[in-house]
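Atom set for the values below is all heavy atoms of this structure, side chains included, hydrogens, waters and symmetry mates excluded. Throughout, a chain's letter reflects where its sequence line sits, starting with A, and its residues are numbered from 1. Because the structure is a prediction, the values reported are computed rather than measured.
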Amino acid sequence: MAKIINVIKGTKDILPQEIGQWHNLEQKALEIFTSYGYKEIRTPIFEATELFARGVGDTTDIVNKEMYTFEKSDRSLTLRPENTAGVVRSYIENGMSRLSPPVKLWYKGPMFRYERPQAGRQRQFHQVGVELFGIKQPAADAEVILLAVNYLNALGLNDLEVEINSLGCPECREEYKKKIKEVLKPEFDNLCEDCQNRYEKNPLRLLDCKVESCKTIFAKPEIQKVIQSDFICEDCAQHFAELKKYLDKMNVKYTVNKLLVRGLDYYNRTVFEIKSNNLGSQNAVCGGGRYDSLVRNLGGEDTPAVGWAMGMERLNALLPKCELSKLDAYIVSNSSIDALELAEELRKQGFNVEFDLSNKKFTKQLEKASKVAKYAIILGEDEIQKGQVSVKNLDTAVQETIDRKDLRSKLENVKNS
RNA sequence: GCGUCUGUCGUCAAGCGGUUAAGACCUCGGAUUGUGGUUCCGAUAUGCAUGGGUUCGAAUCCCAUCAGACGCCCCA
């Protein structure tokens with residue numbers, strides 16, 4: 001036998017027995033997002049590398065170490081590691097800034113990141129997400145979060161925690177970063193290797209470290225004082241306060257997590273995550289926030305925006321498996337040609353029907369029917385001659401012979417019961 | 001990129017230095033050429049992720065590689 005070729009590390013087949021879950025996610029997404037006025041958009045799976053470098057940010061791990069980048073006729077192309085940059089690109093390119101705001105878009109599809117696979121993390125994974133363009137008011141932030149919560153509820157997920165935070169605007173955030181670096185400077189040598197890296201790259205992330213020695217450092221009063229201080233400027237604070245007001249009004253339960261910092265460079269002001277306790281260490285099912293400068297950074301007009309993405313594999317991990325549905329009927333017959341004819345007729349009437357393609361014995365056909373279908377339609381020589389069929393309920397073993405013309409209504413009754 | 005654990009049939013597995021590599025499920029065939037889901041028989045790994053090594057002898061021990069699970073970093 002020839003050598004087997006395996007799936008690539010960090011990728012997975014989605015098999016027939018799992019597909020029901022995916023259909024469910026996708027159908028509910030269409031339903032709920034549409035009810036909020038969102039339109040689906042499908043952007044290409046690969047884009048110019050520069051889009052992600054400029055969009056996601058070239059200091060991020062995603063861009064620096066995790067992209068699948070390849071060259072083709074002197075162009076550098078990259079498999080999308082996330083879809084906000086692609087949607088923004090399309091928004092700009094297709095002149096959507098001329099549409100009356102808000103412009104609301106949603107998407108679903110595969111994303112690619114070259115990371116070490118683990119629970120809740122693959123190299124090819126799927127996200128659903130929404131992006132809302134053109135509104136700077138906190139009502140937009142609130143609606144977007146509410147949409148996420150409602151989508152999750154519609155899927156049957158209620159046991160989730162919403163965390164929110166405000167990163168401030170570029171101005172007040174710079175101030176904050178400066179203060180953090182200042183107060184930590186004397187401790188720099190005592191920080192773990194990761195934190196020393198983060199000190200320059202992303203001081204905000206420092207505060208989230210899990211290493212014990214770092215935790216003790218961060219617990220010091222003078223450092224806590226800086227962490228806990230409300231660094232954000234008045235405008236940002238007001239925006240955040242209003243957001244909370246909206247969420248309270250809508251009964252969205254949330255906690256403010258001052259250590260919540262999203263790893264993509266484009267976020268400002270509102271950031272949020274929705275977490276589950278049943279997922280292992282990759283516990284965020286949803287992450288998002290406001291990104292008011294991204295459209296401009298990618299060459300469009302100054303356009304405020306908010307959005308989020310959810311990991312579909314992570315959602316599925318929290319949802320019960322769907323049973324594969326059985327066929328309405330399996331035709332048992334020694335005449336393939338008559339069986340085929342009947343099958344086609346029933347399929348056109350909207351029934352799910354199969355029959356034996358390999359001339360198996362009667363008992364084998366019936367055995368097969370009992371495994372895959374709710375009803376067996378027996379089409380033997382007698383029935384063919386008389387223009388009849390025998391319909392057997394495979395659960396109750398009740399069988400009756402009826403005229404072929406009555407078959408449709410018989411099956412319809414069955415389907416509705 | 002780093003760390004820990006794990007790779008025996010399509011699936012779940014027993015075996016832990018000398019076995020004919022158990023068993024179960026699935027699949028296929030028969031008992032049973034017009035009545036299934038029960039039952040009973042039978043078939044299905046010359047091979048234990050791959051490549052080296054140790055040994056008289058390796059699925060079992062050692063090394064490397066690959067893959068998987070989980071964690072770190074980071075992220076959905």
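Within 4.0 Å of G120(A), counting heavy atoms only, lies at least one base atom of the nucleic acid. Nucleic acid contact class of Q365(A) (heavy atoms, under 4.0 Å, all strands): none. Residue K275(A) is classed as having no contact, given no heavy-atom separation below 4.0 Å to the nucleic acid. Using a 4.0 Å heavy-atom criterion, one finds that A369(A) contacts no nucleic acid atom at all.
Going from atom CD of Q17(A) over to atom P of U11(B) covers 12 Å, rounded to whole Å. We find that CZ of R80(A) is positioned 13 Å from C1' of A76(B), with the value rounded to whole Å. As a whole-Å value, the separation of W22(A) CH2 from A76(B) C1' is 11 Å. The interatomic distance linking R121(A) (CZ) with C70(B) (P) rounds to 11 Å, in whole Å. For the pair R113(A) CZ and G1(B) C1', the computed distance is 17 Å after rounding to whole Å. Taking atom CG on N6(A) and atom P on U50(B), their separation rounds to 12 Å, with Å as the unit. If you take CZ of R123(A) and P of A76(B), they are 18 Å apart, rounded to a whole angstrom. Between the C1' atom of C75(B) and the CH2 atom of W308(A) lies a distance of 17 Å, rounded to the nearest Å.
Remark: R123(A) qualifies as a cation-pi partner of Y114(A) under the 6.0 Å distance and 45° angle criteria applied to the six-membered ring.
Taking atom P in both A49(B) and C12(B), one finds a spacing of 14 Å when rounded to whole Å.
Taking side-chain N and O atoms only, S281(A) has no distance below 4.0 Å to OP1 or OP2 of C70(B).
Considering only heavy atoms from C-beta on, I331(A) stays 4.5 Å or farther from I378(A) through its side chain. Inter-residue side-chain proximity for Q122(A) and K12(A) is flagged as met; some heavy-atom pair is nearer than 4.5 Å.
In this structure, Y176(A) and F231(A) have parallel ring planes: the angle between them is below the 30° cut-off, well short of the 60° mark. Ring-plane geometry between H126(A) and W22(A) is classed as perpendicular, the angle between the planes exceeding 60 degrees on a 0 to 90 degree scale with a lower cut at 30. Ring geometry, Y267(A) versus Y291(A): the interplanar angle exceeds 60°, so the pair is classed perpendicular (tilted spans 30 to 60°).
Distances were taken from every side-chain heavy atom of D61(A) (C-beta onward) to each of G29(B), C73(B), C72(B); the shortest belongs to C73(B). With distances taken from any side-chain atom of Q118(A) to the nucleotides G71(B), A76(B), C74(B), the minimum falls on G71(B).
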At under 4.0 Å between heavy atoms, which parts of nucleotides 32-41 of chain B does protein reach? Answer with one letter per nucleotide, 5' to 3': B base, S sugar-phosphate only, - none. -SBBBB----
Show, in sequence, the C-alpha distance, side-chain angles and deciding distance for S358(A) and D356(A), and conclude whether the side chain to side chain donor-acceptor pair (under 3.5 Å) test is met. CA-CA 6 Å; S358(A) 53; D356(A) 174 51; 3.1 Å; yes
Where do K361(A) and T363(A) land on the side chain to side chain donor-acceptor pair (under 3.5 Å) test, with the steps shown first? CA-CA 6 Å; K361(A) 287 186 197 168; T363(A) 48; over 6 Å; no
Using side chain to side chain donor-acceptor pair (under 3.5 Å), reason through N257(A) and N165(A) one step at a time and then give a plain yes or no. CA-CA 6 Å; N257(A) 177 359; N165(A) 190 23; over 6 Å; no
Could you write out each protein N or O paired with an N or O of nucleotides 66-68 of chain B at a distance under 3.5 Å?
residue : atom : partner : partner atom : Å
G68(B)  : OP1  : G10(A)  : N            : 3.3

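Shown are R89(A), R80(A), R75(A); of these, the salt bridge (charged side-chain N to carboxylate O under 4.0 Å, His left out) with E47(A) is made only by R89(A).
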